[in-house]
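Everything on this sheet refers to the single structure shown next.
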Number of protein chains: 2
Amino acid sequence: MAVGRRAEKMEETRARLVAAARRAFAEKGYAEASMDDLTAAAGLTRGALYHNFGDKRGLLAAVVQQIDAEMAARAQAIAARAATPWEGLLAEGVAYIEMALEPEVQRIVLLDGPAVLGDPAQWPSQNACLETTRRTVEGLIADGVLKPVDPAAAAWLINGAALNAALWTAASSSPERALPKAIEAFRCLAQGLLAKPG
Amino acid sequence: MAVGRRAEKMEETRARLVAAARRAFAEKGYAEASMDDLTAAAGLTRGALYHNFGDKRGLLAAVVQQIDAEMAARAQAIAARAATPWEGLLAEGVAYIEMALEPEVQRIVLLDGPAVLGDPAQWPSQNACLETTRRTVEGLIADGVLKPVDPAAAAWLINGAALNAALWTAASSSPERALPKAIEAFRCLAQGLLAKPG
DNA sequence: CCATTGACATACGCGCCGTATGCGAACACT
DNA sequence: AGTGTTCGCATACGGCGCGTATGTCAATGG
């Protein structure tokens, strides 16, 4: 069948480039990753790259979007298993912390992404992670569980706190020991949003 | 006098390069800033740069350190004027939010800095801002004002929340309107650290 | 006063990005 | 099926920017 052998092949090309880019960007960082090497590793050349993604930044954007979508899906699945929406929000945050510990996520999404693409808020296909959190917060405010703060601001700060918790943990001399402390501090901070503390 | 006319002149050279770099990095971003242009704007050449700072990253490190020191000094001065240490911590956070709204700080310290130099925690001459906040938190925990969380983790998260508040504000379509919301959300989060909420 | 150090300028090579051009396979149309 | 066209991708080219090696001149010190 296939709506065209062309489009099908092109999708595979894009996927292979994105996959190779994920590895290269994660290992060397965006700036140090050579497009020649990267495309060669995918069995292609820079021609394919510029045809599919416009430029190096376009490729990074595609990679970030893919990882972001995976993160949002994981977080949502974890939050859905929680007993209450509030527990879900906390679990979501902890999940972000743990995901952000992966070098790939840290390097690409947290470090190079914002530096090269600008603030995540204005990324094309608006950051899925943030959107997920924002909706959760909105619901909790409507239910009177959280103080009536701006949902977008709160979501951003919660995500930011979680990601910073991960950065701090990763930078620690002993991440194993640091992780529980980071999670504890994160949970404390989050409790500040509760309408009725305790 | 002077312990040598040489060293004195060299200090001025370094200062001029750092000043030019601040402008260039703030306007064009680290990656797009040309060393040739930058040094020419300072009335020098790349020779001076590599002699004084080793490489481009070294120059960025010097710039970041300078801005970081200025921020820490400002924050400390503001915190010192507060009625209580707890109010001081909040004022410090709000001050960080406002400072991080300046494009120079945002671009250099928050975006390019971490991406190029790695996590701020392991920057040479350990991030002065974080150190300031950590000490404040430590005191507040000792006084029983805050919950007994890890001071380093808490300081990192507070700073992270403040800086993210600034990023969110800056990315907003109307920063003027967004700033109070961001500050409000930040204050809520911070309250989560209080031993006796309310 | 001269030898030496060292701060900075100049000259060179290499890598990498973006674009313009070329080729061959999949589509459309008869 | 055959042919003209499209288009995905490879190849070729130009330019810029970084880092290093080399040169130069002023400031030191004996």
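Chain A is the first sequence line, chain B the second, and so forth, proteins listed ahead of strands; every chain is numbered from 1.
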> Taking CZ from Arg46(B) and C1' from dA9(C), how many angstroms apart are they, rounded to a whole number?
Replying inline: 11 Å
>> As a test of reading the structure: which of dC8(C), dC17(C), dG8(D) is closest to the side chain of Met10(A), going by heavy atoms?
In response: dG8(D)
> Does the side chain of Thr13(B) get closer than 4.0 angstrom to OP1 or OP2 of dA7(C) through an N or O atom?
Replying inline: no
>> Measuring from the side chain of Ala48(A) (C-beta onward, heavy atoms only), which nucleotide among dT20(D), dC9(D), dG18(C) has the closest atom?
In response: dC9(D)
> Which residue lies toward the 5' end of DNA chain D, Gly47(A) or Ser34(B), if each is placed at its nearest nucleotide?
Replying inline: Gly47(A)
> Charged N to carboxylate O below 4.0 Å: is that the case for Glu102(A) and Arg74(A)?
Replying inline: yes
> Does Asn52(B) make a side-chain N or O approach to OP1 or OP2 of dA7(C) shorter than 4.0 Å?
Replying inline: no
>> The side chain of His51(A) is closest to which nucleotide in this list: dA7(C), dC7(D), dT19(C)?
In response: dC7(D)
> Considering only dC18(D), dA9(C), dG18(C), which nucleotide approaches the side chain of Asp55(A) most closely?
Replying inline: dG18(C)
>> Glu32(A) vs Arg107(A), test: salt bridge (Lys or Arg N to Asp or Glu O under 4.0 Å). Steps then yes/no.
In response: CA-CA 12 Å; Glu32(A) 306 306 319; Arg107(A) 177 89 235 183; over 6 Å; no
> How would you label the contact of Ala40(A) with the nucleic acid (heavy atoms, under 4.0 Å): base, sugar-phosphate, or nothing?
Replying inline: nothing
> Rounded to whole angstrom units, what separation is found between the OH atom of Tyr50(A) and the P atom of dT21(C)?
Replying inline: 18 Å
>> How many whole angstroms separate atom CG of Asp36(B) from atom P of dG15(D)?
In response: 17 Å
>> Measure CG/Leu49(B) against P/dT10(C) and give the value in whole Å, please.
In response: 15 Å
> Met35(B) has an atom CE; how far is it from atom P of dT10(C), in whole Å?
Replying inline: 17 Å
>> Students often get this wrong, so: under 4.0 angstrom with heavy atoms, is Thr45(A) touching a base, only sugar-phosphate, or nothing?
In response: base
> Is Glu70(A) salt-bridged to Arg22(A), going by a charged N under 4.0 Å from an acidic O?
Replying inline: yes
> Roughly how many Å is it from CG in Leu38(B) to P in dC18(D), rounded to a whole number?
Replying inline: 9 Å
>> Could you tell me if Thr133(A) and Glu92(A) have a donor-acceptor pair between their side chains, going purely by distance under 3.5 Å?
In response: yes
>> Rounded to whole Å, please give me the gap between NZ in Lys56(A) and C1' in dG15(C).
In response: 11 Å
> How many Å lie between CG on Leu60(A) and P on dG18(C), as a whole number?
Replying inline: 12 Å
> Does the pair Arg134(A)/Glu131(A) count as a salt bridge with the N-to-O cut at 4.0 Å?
Replying inline: yes
> Closest to the Leu44(B) side chain: dT20(D), dA9(C), dT19(C)?
Replying inline: dA9(C)
